[in-house]
Number of protein chains: 2
Amino acid sequence: MTSGIDEPAPDGALVADVFDKDCPSRKTMEHIGGKWGLLAVAALRERPLRFNALCRRVSGVSEKMMSQTLQRLERDGMVHREVRQAIPPHVEYELTPLGRKVSGHLAALIGLLEDNFDAIKAAQAEYDERSGEGR
Amino acid sequence: MTSGIDEPAPDGALVADVFDKDCPSRKTMEHIGGKWGLLAVAALRERPLRFNALCRRVSGVSEKMMSQTLQRLERDGMVHREVRQAIPPHVEYELTPLGRKVSGHLAALIGLLEDNFDAIKAAQAEYDERSGEGR
DNA sequence: CGGCATCCGGAACGATACTG
DNA sequence: CAGTATCGTTCCGGATGCCG
């Protein structure tokens, strides 16, 4: 990968540069990387879910936040919202093809963190000790 | 919220589960996935950088936020902080081996988003139209 | 069941100023 | 250069209540 570090982009290079503060990709990244976006995508990766099932799967989330999160993800084309006209209402959420690709990387990231959780805990303990018990 | 039955986590068989609201992995995930954590890691992936260089690379960040972000990442064992006693001060940040692994997945994610940026824009446009020009 | 509207407290954030 | 301190603002997020 020709990572032109601080030189002008080679012609034909990607316009979307996350390091640029005006890059719209940042917004999408934040939606995915944010507290709930990540978990919603990860949960939907296992299987399509209905709204309340999703809330239950992601423990700790409020309905409001889940709703907000899903709207953003739907807008970004990561999630598809399927409404089934009925009483009681039946709405199912599932990943789009793009969302599924994203979820793959996310799952890998989560797996990596879980695998190295001991190392992380150790690093935190050491840091806290050096800093004289900060947070 | 979790379950009526409160089970003590047997640390021996501990499986870090991000879906559990008490799972400490979530915090780390948020540090990495958050607005600035992601960008800091991505920037350091290219090469080790000094504090101000890092601030410059990640456009839009304030010194305060960068400092905070780096401290969290250092505490999580993603970033190593190397201090060189001198005048003027010289502090260099670089990824740890774990941080580098993480950065790989992050870079893949960023690349995926940039590649599909057109699709994302299209999805957003369509969504906005359906919703009657929302945000 | 699947939302949306409203309120409100606190955390996150940014700009600025200051220190070693 | 590499941060910390302080302050004002913004926005996140939870609780509650209502509607289709």
Side-chain angles (χ1 to χ4, degrees), chain A residues 21-22 26-27 29-40 43-44 48-75 79-94 127 130-132 134-135, chain B residues 1-2 21-22 26-40 43-44 48-75 79-94 127 130-135:
Chain A
K21 73 167 184 289
D22 297 324
R26 274 198 187 179
K27 283 292 172 199
M29 272 301 325
E30 286 163 30
H31 296 161
I32 296 170
K35 191 175 184 180
W36 303 121
L38 168 88
L39 294 169
L44 288 177
L49 286 172
R50 296 174 59 176
F51 184 81
N52 279 340
L54 203 40
C55 288
R56 261 174 267 123
R57 182 78 181 104
V58 179
S59 99
V61 70
S62 67
E63 293 178 1
K64 175 189 172 182
M65 281 301 106
M66 182 54 83
S67 174
Q68 235 172 61
T69 300
L70 287 171
Q71 282 178 38
R72 283 193 290 234
L73 290 177
E74 188 194 356
R75 194 177 108 96
V79 164
H80 175 68
R81 180 169 177 270
E82 179 94 25
V83 184
R84 212 169 258 253
Q85 291 294 1
I87 296 176
H90 186 107
V91 180
E92 195 151 303
Y93 292 88
E94 65 180 324
Y127 182 96
R130 256 181 303 153
S131 303
R135 41 184 78 193
Chain B
M1 269 314 181
T2 9
K21 74 167 186 289
D22 297 323
R26 275 198 187 179
K27 283 293 172 199
T28 304
M29 272 299 327
E30 286 164 30
H31 296 161
I32 296 170
K35 190 174 183 180
W36 303 122
L38 167 87
L39 293 169
L44 287 176
L49 285 173
R50 296 173 61 175
F51 183 81
N52 279 340
L54 203 41
C55 289
R56 260 174 267 122
R57 181 78 182 104
V58 179
S59 99
V61 71
S62 66
E63 293 178 359
K64 177 190 170 184
M65 280 302 105
M66 181 54 82
S67 173
Q68 229 172 69
T69 300
L70 286 171
Q71 282 178 35
R72 282 194 290 234
L73 289 176
E74 188 194 357
R75 193 176 110 96
V79 163
H80 175 68
R81 180 171 177 271
E82 180 94 24
V83 184
R84 215 166 251 257
Q85 291 293 2
I87 296 175
H90 186 107
V91 180
E92 194 150 305
Y93 292 88
E94 64 180 326
Y127 183 95
R130 256 182 302 155
S131 302
E133 198 61 33
R135 48 190 77 181

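For the numbers below, each heavy atom of this structure counts, side chains included, while hydrogens, waters and symmetry mates do not. Numbers restart at 1 for each chain; the letters A, B, ... are given by sequence-line order, proteins then strands.
Comparing the start and finish of the helix from C/dC1-D/dG20 to C/dG20-D/dC1, five pairs each, the helix axis swings through 50°, to the nearest 10 degrees.
When each of D/dA2, C/dC13, C/dC1 is scored by its nearest atom to the side-chain atoms of B/Met65, the top-ranked nucleotide is C/dC13. Comparing atom distances between the B/Pro88 side chain and each of D/dA2, C/dC13, D/dC1 picks out D/dC1 as nearest.
Counting to the nearest Å, the C1' atom of C/dC1 and the CE atom of A/Met66 are 15 Å from each other. Rounded to whole Å, atom P of C/dC13 lies 13 Å from atom CZ of A/Arg26. Atom NE2 of A/His31 and atom C1' of D/dC11 are 13 Å apart (whole Å). Straight-line distance from the CZ atom of B/Arg84 to the C1' atom of D/dC1: 14 Å, rounded to whole Å. A/Gln85 places its CD atom 13 Å from the P atom of C/dG2, with the value rounded to the nearest Å. For A/Ile87 and C/dG3, the CD1 to P distance is 15 Å, given to the nearest whole Å. At whole-Å resolution of the value, CG in A/Leu49 and P in C/dC1 are 15 Å apart. Distance NE2 (B/His90) to P (C/dG20): 22 Å, rounded to an integer number of Å.
Listed by chain and number, the residues in a side-chain contact (heavy atoms from CB on, under 4.5 Å) with B/Leu38 are A/Met29, B/Leu106, B/Ile110 (sequence neighbours excluded). Applying the side-chain contact (heavy atoms from CB on, under 4.5 Å) test to A/Pro89 and every residue at least two apart in sequence or in another chain returns nothing. Looking at residues two or more places apart in sequence or on another chain, you find a side-chain contact (heavy atoms from CB on, under 4.5 Å) between A/Arg56 and A/Asn52, A/Ala53. Residues forming a side-chain hydrogen bond (donor to acceptor under 3.5 Å, both in side chains) with A/Glu63 (at least two apart in sequence, or on another chain): none.
Rounding to the nearest 0.5 angstrom, the gap separating the CZ atom in B/Arg26 from the NZ atom in B/Lys21 is 8.5 Å. Within the model, atoms SG of A/Cys55 and CE of A/Met65 stand 11.0 Å from one another, a figure rounded to the nearest 0.5 Å. B/Glu30 CD to A/Trp36 CH2: the interatomic distance, rounded to the nearest 0.5 Å, is 7.5 Å.
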Show the distances under 3.5 angstrom between N or O atoms of the protein and N or O atoms of nucleotides 4-8 of chain C.
residue : atom : partner : partner atom : Å
C/dC4   : OP1  : A/Gln71 : NE2          : 3.3
C/dC4   : OP2  : A/Ser67 : OG           : 2.8
C/dC4   : OP2  : A/Gln71 : NE2          : 2.6

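Test A/Leu73, A/Leu49, A/Leu70 against A/Tyr93 for side-chain contact (heavy atoms from CB on, under 4.5 Å) and you get one pass: A/Leu70.
Contact annotation: the side chain of A/Val79 approaches that of A/Leu44 to within less than 4.5 Å [non-hydrogen atoms, C-beta and beyond].
Mapping A/Arg50 and B/Ser62 onto DNA chain C via the closest heavy atom, the residue that lands nearer the 5' end is A/Arg50.
Look at A/Tyr93 and you'll find a side-chain N or O under 4.0 angstrom from OP1 or OP2 of C/dG3.
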